[in-house]
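Right, one structure below, let's go through it.
Whatever order the structure lists ligands and atoms in, that order sets their numbers, starting from 1. Counting from 1, the numbers follow the sequence of the chain as shown.
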Amino acid sequence: MASVEQTQTVEQPLPSVNGGAPTNGAHSAGGIPVENPATGEIVATVPDLDADAVAEMAKRARAAQPSWEAYGFDGRARVMLRAQKWVMDNAEQIIATIISETGKTFEDASLAEISYAGNAFGFWANHAEQYLEDERVKSSQLLVKGKKLILRFRPLGLIGVIGPWNYPLTNSFGDCIPALMAGNSVILKPSEVTPLTSLLLAEGLRECGLPEDVLQIATGRGETGAALVEHVDMIMFTGSTRTGKKVAETAAKRLIPASLELGGKDPMIVLSDADLERAANFATYYSMQNAGQTCISIERAYVEAPVYDEFVAKVSEKVRALRVGKPEGPGSVEVGAITFPPQLQTIEDHVTDAVDKGARVLAGGHASHAGGGRFYEPTVLVDVDHTMKCMTEETFGPTLPIMKVQDADEAVRLANDSPYGLGSSVFTRDVERGEQIARRLDAGAANVNDAMINYTVLELPMGGAKQSGLGSRHGAGGIRKYCSQQAIVVTPKLALKREPHMYPYKARNSKLLAGVFKFLYGRGKRD
Ligand code: NDP
């Protein structure tokens, strides 16, 4: 079984921990300490790789890629299916690693990370070929009649994946899986806050037979990520909109594709005919799950006036019952730590801003540093409006502001009154009306009587509208983006020596062709 060595320093480089990162001192001194946010303890130190080290990794990745591509879909799938089993066999260790660097609960690590990875390794192993096999294309274009037309997908070469700290396995590592299955080599730059899970997974993949240098982990800070964008053929970025725009700028200068999964401010709409008990459970769970540090958390709720009071009472009672603190194994707490230190200030700022502008706190409302950790009490805010940051900016914490609305139209207008457009949800017993409302929401995903669940459906695209991103993960587009497309036109052996549109131009031929065009495109009613 692989092991992540704890409390390593750069003076004692991490050959088994750094996923192939250079161990020759090609990183800046000091390394990066990794803290357990639930206890404040430093659990490991990882190298802070500089631009030269990233360039060196890229060279090695490029050398390794052609033979990985030559494995073919079956060969690559074998490695991924072994990895699927490896994740399940080593789930305990992976969960412990995730918890040690994120401070999330056992359930948040198990349900939203291990189960995702288990599913994703199998899904991409089994579906990559179907999404990327040659497509025979039919055309209405007269000049290619009788020719073989093929759309071919070929791996781009070297993919850079940059990930956030909230889901080190699902969001950072998860995007490497389709990139690898497409036949690319990959360099993953995890968040400096949560690098250990990526290092452990890279070790696991090596045990499963992934050739050396096909996947490398570039531990480091923002500068390491910026250096990575300079060396890859495509960048898959997940993180804040602010950083995503910087990544997009570099990608544009280099003219490489960038897929950007960015921030969100997901609205939930509760109509007066909704099953209120279900809606309240969903509001509670999907706003507080992972301590609210999920891009597609419910970040704000709009509730029709007739059921507002009852909904608020139900949610407040449920939220007050949640236990927050250091995770001590399954069932110990519902809400874990705030992983990223500055996030706590953002959460406090949004709650203070709301209260200063007239909001009331019905549950929670305070930070806690119990046991040396970093926590925020699960919080419900009411009497909120769109002058408040908690309704317009990404809070990324265990808070739920609830706003009363007169009707569905007002709810849709307010839900769409956001620079973001990631996920969304509508609760109503009239599912047809729910679907119609879902179609009016400016969001990459809309769930009727559910929330967030779309992320687990790997057949559906997951991506954001507006400032929430460009491109998507999952589905056909989630693997085709790691490929270039090649159009192949094959003319059969028995072909004319000269085709009718060629030189020399002759009046008879030209008139004949013009007549053919008129016949093809000039007939039929227009109005
Ligand atoms: P950041 O944008 O701060 O960081 C994301 C990654 O980018 C980190 O690895 C970071 O490194 C790196 N980075 C920082 N600066 C640069 C740079 N100039 N060039 C290249 N890379 C850089 O996001 P967070 O880690 O704070 O993640 C939280 C955000 O991610 C939230 O907005 C959340 O909504 C979003 N998110 C979106 C998802 C989606 O699917 N749409 C899913 C999950 C999260 P380092 O950490 O070392 O600074």
Using heavy-atom distances, let me know which of G225, S191, C295 sits nearest atom 38 (C) of ligand 1.
C295

Apply side-chain hydrogen bond (donor to acceptor under 3.5 Å, both in side chains) to S100 and T97, showing your working.
CA-CA 5 Å; S100 78; T97 304; 5.4 Å; no

Starting from atom 28 (C) of ligand 1, what is the nearest protein heavy atom, named by residue and atom, and what distance separates them?
F396 CE2, 3.9 Å

Ignoring hydrogens, just give me the one of G469, S240, P195 whose non-hydrogen atom is nearest atom 23 (O) of ligand 1.
S240

In ligand 1, which numbered atoms sit nearer than 4.0 Å to a non-hydrogen atom of L422?
41 (N)

To the nearest 0.5 Å, what is the distance between OG1 on T399 and CD on E377?
12.5 Å

Using heavy-atom distances only, which candidate in L188, N290, I162 approaches atom 12 (C) of ligand 1 most closely?
I162

Proximity flag G220 to ligand 1, non-hydrogen atoms under 4.0 Å
yes

Quick one: sort the Y455 and H474 rings into parallel, tilted or perpendicular, breaks at 30° and 60°.
perpendicular

If we number the atoms of ligand 1 from 1 as shown, the ones under 4.0 Å from a heavy atom of V247 are 19 (N), 20 (C)

Would W165 count as a polar contact of ligand 1, with the cut-off being nitrogen or oxygen pairs under 3.5 Å?
yes

for atom 9 (O) of ligand 1, nearest protein heavy atom and its distance come out as G163 O, 2.7 Å

Between Y167 and T294, is a side-chain contact (heavy atoms from CB on, under 4.5 Å) present by the stated rule, with each step listed?
CA-CA 8 Å; Y167 286 99; T294 301; 2.6 Å; yes

Between H127 and F121, is the ring-ring contact (aromatic ring centres under 6.0 Å, His included) condition met? List the steps.
CA-CA 10 Å; H127 288 80; F121 274 117; over 10 Å; no

4.0 Å heavy-atom contact, N166 with ligand 1:
yes

